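Values reported hereafter were calculated over all heavy atoms of this structure, with side chains retained and with hydrogens, waters and symmetry mates removed. Keep in mind it's a predicted model, so treat the numbers as computed, not measured. Sequence lines set the chain letters: A, B, ... in the order given, protein chains first and strands last, and positions in each chain run from 1.
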Number of protein chains: 2
Amino acid sequence: MAAGPKRGPGGPAIRAVDPWLPGIPSRGKSRQLLSDEERAQLAKIATTVRFKKGEKIYSDGVPAEAVFNIVSGIVKTYKPGANGREYVAAFLYPQDLFGLSEEGRYVNSAKAITPVTAYALPVAALRRRLSKDAALDFHLIAKLSHGLREAQRHALLLAQRHALSKLAMFLQLLEHVQSANGKLPEIYLPMDRSDIADYVGMSLAAVSRGFRDLAAQRFIKIRDRRHMKVVDRKAFEKLAGETGRPARARSQ
Amino acid sequence: MAAGPKRGPGGPAIRAVDPWLPGIPSRGKSRQLLSDEERAQLAKIATTVRFKKGEKIYSDGVPAEAVFNIVSGIVKTYKPGANGREYVAAFLYPQDLFGLSEEGRYVNSAKAITPVTAYALPVAALRRRLSKDAALDFHLIAKLSHGLREAQRHALLLAQRHALSKLAMFLQLLEHVQSANGKLPEIYLPMDRSDIADYVGMSLAAVSRGFRDLAAQRFIKIRDRRHMKVVDRKAFEKLAGETGRPARARSQ
DNA sequence: CGTGCACTTGACAAAAATCAAATTTTGTGG
DNA sequence: CCACAAAATTTGATTTTTGTCAAGTGCACG
């Protein structure tokens, strides 16, 4: 997993589900938004950067000099919480963007949770390109809409009252991201239990117990710490509230 | 409260905190993004629509024909949850946009929680304008970034483990939105307890008790159901984790 | 082939959900 | 403007769930 772009010219790549009606309905599948031409243009202003597993990429509050586009590996954005706890805002995968800023400063901190390769796009240069290329603006709008929906989905997960629902929804999110390439036999969890706990807003112990209980009740099967499979899909989706994906159209 | 644009030409208006470094640092204050010219252009494709208090504006899953821009009143976007519960994704104020879609269908439902006046911008026409006007794209990017940060803030709120922290953070959010125009003597809560409960992910009873306890511990003073004032600012911000606003720059 | 860190598990305490009832407000029709 | 019904909110008692603190266990890496 975490493979880079499979073919083509290389350069930054952005993947998202279209907010608008796509030519061919893609059943929730995300697609590459940038044309080869756009990728080549962006490559001209991009630098390739690498981070070791566990390495901090930037801290919240410092001037935001670049936006990052992941080539390979997984990144988390987070914020130190009240006590020693930390709140994980998002996990980011290849072809995602990160580096959200407010008034020129990063809103979160970012850390590589696996070895990471990424393009760094200096904001100044990026802004210049954006003002020149309307199509690129459009694609960025699509990606931001996608990010907004994901953040809302995260909030929906956090609003669940039961640990098992949260975890089921969490697994569903992972499954959805990973199924971008095709159907998977099992779900891979690249992050450790502690990161999961901080993402779903539960204690470390509760996460552990939660997975155990999901397995005990035959919703999932756990191969090892990082590999799980949904066994009882029906019950599983019910737990996850089946609201994880947009409801099928009702009236009209 | 909920006053429309105070002066100027009328037409759609969008307010947000800049993601990028503004000319004059605005200390977290949001500002009007559109020029009079842009507002006039948008007005040409917009229709004015009105909704009664409690009226449904659209349902999730139906084709997204328009994006809305609030002139006056408050809207909530929400999604029916597992049981009879409902998850509130956001409260929207004048100069906000709503109508987020995925593959051409609304992601949430929307309802007016006060009488609402809004502009309806048909997506087709809006897309045409966007492809013509690079500056407008830019402003939409800024607004989407703003929305993304808000959604992350909502998730941060939901990740809090204690009811009082959630409520303090909630009041802080309201205060921040309402202080856009200037400092306020008290916080106004336009929504009912049930909507608050669904937004902060707690039971109705817990919200009620929570406010009572905040008042009992002298963090706030409650004038009536919809008006509260922060009394002990220091302790209050501590409760809210002071992470509600971006941390002041650390090193560098 | 240790040693440490990540994870799991247990016992108990704390917090919030539920269920249910009492009150206060709000809106309506005289 | 008043009486009432309906809706919203508060409050109480009890139960459930999850957090905490503290021990294990085991896998991964040197």
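Look at B/E86 and B/K76 and you find a salt bridge, because one of the NZ, NE, NH1 or NH2 atoms lies within 4.0 Å of a carboxylate O, short of that distance.
Summarising the geometry of B/P94 relative to B/S72, their closest heavy-atom pair is CG-CA, 3.9 Å, with the distance given to 0.1 Å. A pairwise comparison of heavy atoms in A/D60 and A/S109 identifies N-OG, 2.9 Å as the closest pair. Contact record, A/Y58 with A/N108: CE1-O, 3.0 Å, taken as the closest heavy-atom pair.
For B/M202, taking side-chain heavy atoms from C-beta onward, the closest of the listed nucleotides C/dA17, D/dT11, D/dT20 is C/dA17.
Classification of the B/Y188-B/H227 ring pair by plane angle, with boundaries at 30° and 60°, yields tilted.
Between the axis at the start and the axis at the end of the helix from C/dC1-D/dG30 to C/dG30-D/dC1 there is an angle of 50°, using five pairs per end and rounding to 10 degrees.
Side-chain atoms of A/R209 come within donor-acceptor range of the base of C/dG10, with a qualifying N/O pair under 3.5 Å.
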key: side chain to side chain contact (heavy atoms under 4.5 Å, CB included) between B/D198 and B/R85, worked out   = CA-CA 8 Å; B/D198 293 336; B/R85 165 149 296 97; 3.9 Å; yes
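Phosphate contact (OP1/OP2 of C/dT8, side-chain N/O of A/R193, threshold under 4.0 Å): present.
In terms of position on DNA chain C, the residue among A/F211 and B/H162 whose nearest nucleotide sits closer to the 5' end is A/F211.
Taking atom CG on A/L204 and atom P on C/dG10, their separation rounds to 16 Å, with Å as the unit.
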